[in-house]
**Student:** 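Quick one: structure below, then a few questions.
Chain identifiers are assigned alphabetically (A, B, ...) following the order of the sequence lines, protein sequences preceding nucleic acid strands; residue numbering begins at 1 within each chain.
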2 protein chains.
Amino acid sequence: MERKRSDQKTRAPSGAAVQSVELTEALYRALFAEWAEHGFSALSLERVAARAGAGKAAIYRRWPGKLQFADEAINTIALRMAAFEDKGSLEADVRAFHRRLRSVFRHPLVRRILPDIYAEVARSEAMEAISERVAQTRRDEAAKVIERAIARGELPGALDREIALDFLPCSIYWRMMVTRRSLPDAQLDLYAQGTTAAIKALASAP
Amino acid sequence: MERKRSDQKTRAPSGAAVQSVELTEALYRALFAEWAEHGFSALSLERVAARAGAGKAAIYRRWPGKLQFADEAINTIALRMAAFEDKGSLEADVRAFHRRLRSVFRHPLVRRILPDIYAEVARSEAMEAISERVAQTRRDEAAKVIERAIARGELPGALDREIALDFLPCSIYWRMMVTRRSLPDAQLDLYAQGTTAAIKALASAP
DNA sequence: TATGGATGGAACGGATCCGTCTCGACCACA
DNA sequence: TGTGGTCGAGACGGATCCGTTCCATCCATA
């Protein structure tokens with residue numbers, strides 16, 4: 001956006017000319033917009049270039065193909081689901097986690113691109129790496145919630161963490177992304193309540 | 001498959017010629033196979049016809065376009081998630097429901113096509129009707145589970161049914177379809193346990 | 001058995017996309 | 001002020017797809 005830094009492309013010899021950061025970012029934005037409109041499998045780099053006001057060469061000069069382009073694009077937005085502080089109880093932490101999730105799932109591009117990533121992974125496995133990276137930050141944050149509750153004594157150390165991590169986001173994902181219904185503040189408590197009970201129930205009587 | 005019945009297309013005048021039921025079914029099968037491979041948005045009717053060993057005219061004579069074709073195709077497979085009998089308790093019913101869900105989510109075509117439907121709905125709304133019909137049978141069956149529990153006295157009549165219906169399938173969908181992990185028998189109990197606790201918790205102290 | 005009519009398969013023109021390549025213009029460095 | 005590399009733009013040959021049209025075949029009726 002600001003000053004153009006010397007890029008990695010400029011190296012030994014002498015001459016100049018640097019890949020424009022503005023153009024690269026415009027290409028990323030155009031990619032996401034087209035991705036949201038048409039889905040990855042029907043994504044046309046020709047349209048992406050046109051939308052960014054560039055030629056196709058600008059794309060092929062930077063990335064070898066659609067997948068690597070998408071991969072780096074996802075990387076740049078960094079997916080920071082910033083950590084939140086300890087809320088004092090499992091249920092309060094769950095509610096905070098759900099609120100974070102909701103703010104992510106409300107983003108219009110996320111609403112279209114995220115389901116498309118999952119659909120694409122199901123049929124091609126080439127998107128696996130991207131999907132994995134997207135899941136990672138969320139999973140890390142979720143794990144913290146569980147570990148804090150164990151440290152607090154709210155959950156036993158013998159808890160099946162794998163399944164607990166499934167219960168943490170699933171209800172919000174289902175409601176907002178699969179059934180596509182909005183999630184008003186008034187109902188956040190109920191989801192946190194149910195989710196907390198589910199996780200606690202995993203620990204009791206096998 | 002068997003004898004060819006006089007079709008609805010043969011009517012008043014005199015002449016004959018009937019649409020072949022075999023070909024129609026072959027077209028459906030080819031559609032699903034291509035859908036699973038490429039996704040709906042990148043679906044080519046040309047490939048579908050070729051895969052069915054037919055010409056494109058065979059498709060365009062039957063359906064006006066891709067969407068209506070897909071719509072009737074989904075209709076024919078009927079989506080019967082046959083009702084199961086009362087298992088005696090909410091948790092047992094939940095487990096039975098999860099088992100049914102698992103058998104559906106294990107089908108290789110379902111694993112690829114269902115996420116694609118959700119991705120498509122997110123960006124075009126034209127698939128809404130199809131998605132809605134797919135959801136309907138599952139929702140009906142889930143509602144029965146909840147109502148039976150209320151009749152049994154396990155859940156209060158004042159329960160928030162909307163959210164209870166979210167909790168019923170969400171953990172299984174998340175595990176099998178989003179994170180794409182298998183679900184062995186040994187873990188079915190834990191999911192049923194957690195899900196049941198979540199639903200019961202919706203009723204208590206607001 | 002003769003015949004009318006819809007059938008299925010193939011070919012059509014127009015459109016889009018891919019990935020490459022070639023321009024003149026431009027800009028940052030030496 | 002040179003000079004080398006990137007810039008946007010566009011053309012390319014080949015491939016694929018759309019939706020329609022053509023034509024020989026086959027079938028149910030008369």
**Student:** Without decimals, in angstroms, what is the distance between A/Glu22 CD and D/dC7 P?
**Tutor:**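 Atom CD in A/Glu22 sits about 11 Å away from atom P in D/dC7.
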**Student:** For the pair B/Glu72 and B/Arg62, find out whether any cationic side-chain nitrogen is under 4.0 Å from an anionic carboxylate oxygen.
**Tutor:**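 A salt bridge is absent here (no side-chain N lies under 4.0 Å from a carboxylate O).
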**Student:** Over 60° means perpendicular and under 30° means parallel, so classify the ring planes of B/Trp35 and B/Phe40, tilted if in between.
**Tutor:**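 Tilted: the ring planes of B/Phe40 and B/Trp35 meet at 30° to 60°.
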**Student:** Dump the intermediate steps for ring-ring contact (aromatic ring centres under 6.0 Å, His included) on A/Tyr118 and B/Tyr118, then the final yes or no.
**Tutor:** CA-CA 10 Å; A/Tyr118 292 136; B/Tyr118 292 136; over 10 Å; no
**Student:** Measure the distance from CD1 on A/Ile59 to P on D/dT6 and round it to the nearest whole Å.
**Tutor:**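 Rounding to the nearest Å, CD1 of A/Ile59 and P of D/dT6 are 17 Å apart.
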**Student:** Out of the candidates A/Ile163, A/Ile146, A/Asp166, only one should pair with A/Ile199 under the side chain to side chain contact (heavy atoms under 4.5 Å, CB included) rule; please name it.
**Tutor:**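 Among A/Ile163, A/Ile146, A/Asp166, the one meeting side chain to side chain contact (heavy atoms under 4.5 Å, CB included) with A/Ile199 is A/Ile146.
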**Student:** Could you point out which residue of B/Tyr60, B/Trp63, B/Phe32 forms a ring pair (Phe, Tyr, Trp, His ring centres under 6.0 Å) with B/Phe69?
**Tutor:**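 Among B/Tyr60, B/Trp63, B/Phe32, the one that satisfies the ring pair (Phe, Tyr, Trp, His ring centres under 6.0 Å) with B/Phe69 is B/Trp63.
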**Student:** For B/Arg62 and D/dG19, what is the distance between atoms CZ and P respectively, to the nearest whole Å?
**Tutor:**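 It works out to 17 Å between those atoms.
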**Student:** Reading nucleotides 18-23 of chain C 5' to 3', which nucleotides get B (base under 4.0 Å from a protein heavy atom), which S (sugar-phosphate only), which -?
**Tutor:** BBBB--
